[in-house]
Amino acid sequence: MKKRLGVNIDHVATLRNARGEKHPDPYTVALEVLKSGADSITVHLREDRRHIKDIDLKVLSSNKSIPINLEIASDPIMVKIALKYKPSYICLVPEKRNEITTEGGLNLKKNKNKIKKILEIFNSNSIRTSLFINPSLQDIKLSKILGSKCIEIHTGKISNQIKYNKDYSKELIKIKKCAFYAKKIGLEVHAGHGMDYKTAQILNRIKQIEEFNIGHFIIGESVSYGISKVVKKFINILR
Ligand code: PXP
């Protein structure tokens, strides 16, 4: 099975917004990402619009050849926006105003009625549905009951353990068990959050995981290793 890569371009918008102008442009980056072989573009339209803005979503979704994975909170306004732009995929994520990034998976138990209704809406509009959850067998079972087609396992904990050379074996076993169980009950399995090369290599050994959604590290590496090309271009202009 070919493993898919979704690239989260939120932080291209973060960089652009730092100047309040047009550069770098998430749409241009999305085209480059797909040209390079990635399978989809992930964007998270946050309530506070700290990175991706409505206009980005409008521009991206105007090009029907871009498979968009839209991350949104379980909120009626977001559902309305999503239905307007009809992305290929939807991933429901928890959202707290004060967090720097999505810190954990959804609380399915607490929000099950709301989530079930939202999943029904997207399923009936032929939009692939996914729930961003912690690696928990209970949440996987509930995801299936609520009607999601996919789950995305939050890999933030194991990513940090790997990054800081801590023992990650327990978390890896948990993720493996979850991926196996989810696939067995008919859910497509995705993984996302905090991944770098090493985490992706380790998690890629779990054959049930079909899709990886990676953002911050890819943008960071692109700055670190893409800068040389740009500096050389300026030197060419100036000398
Ligand atoms: N998947 C989901 C559901 C996310 O919310 C995010 C961003 O927090 C990512 C993947 C990408 O995470 P990162 O930017 O840490 O690679």
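Values in this document were obtained by computation on a predicted structure and should not be read as measured data. As the structure lists them, so they are numbered: ligands from 1, and atoms in each ligand from 1.
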Looking only at protein heavy atoms, which one is nearest to [atom], and how far off is it?
atom	answer
atom 11 (C) of ligand 1	N213 O, 3.8 Å
atom 14 (O) of ligand 1	H216 N, 2.8 Å
atom 16 (O) of ligand 1	G215 N, 2.7 Å

Of all the atoms in ligand 1, which lie at a distance below 4.0 Å from a heavy atom belonging to [X]?
X	value
G194	12 (O), 13 (P), 15 (O), 16 (O)
V93	3 (C)
I214	16 (O)
F132	2 (C), 3 (C), 5 (O)

Check this for me - ligand 1, [X], N or O atoms closer than 3.5 angstrom, yes or no?
X	result
H11	no
N8	no
H193	yes

Can you tell whether the side chains of [X] and [Y] come within less than 4.0 Å, N to carboxylate O?
X	Y	result
E211	K2	no
K117	E120	no
K183	E210	yes
D54	R49	yes
E171	K166	no

Is it the side chain (CB and beyond), the backbone, both or neither of E152 that lies under 4.0 Å from ligand 1, heavy atoms counted?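 The answer is the side chain.
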
Of the side chain and backbone of E71, name the one, both, or neither that has a heavy atom under 4.0 Å from an atom of ligand 1.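 The part of E71 near ligand 1 is the side chain, not the backbone.
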
Which pair of non-hydrogen atoms, one from N123 and one from G147, has the smallest distance, and what is that distance?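 What the structure gives for the nearest pair is ND2-O, 2.8 Å.
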
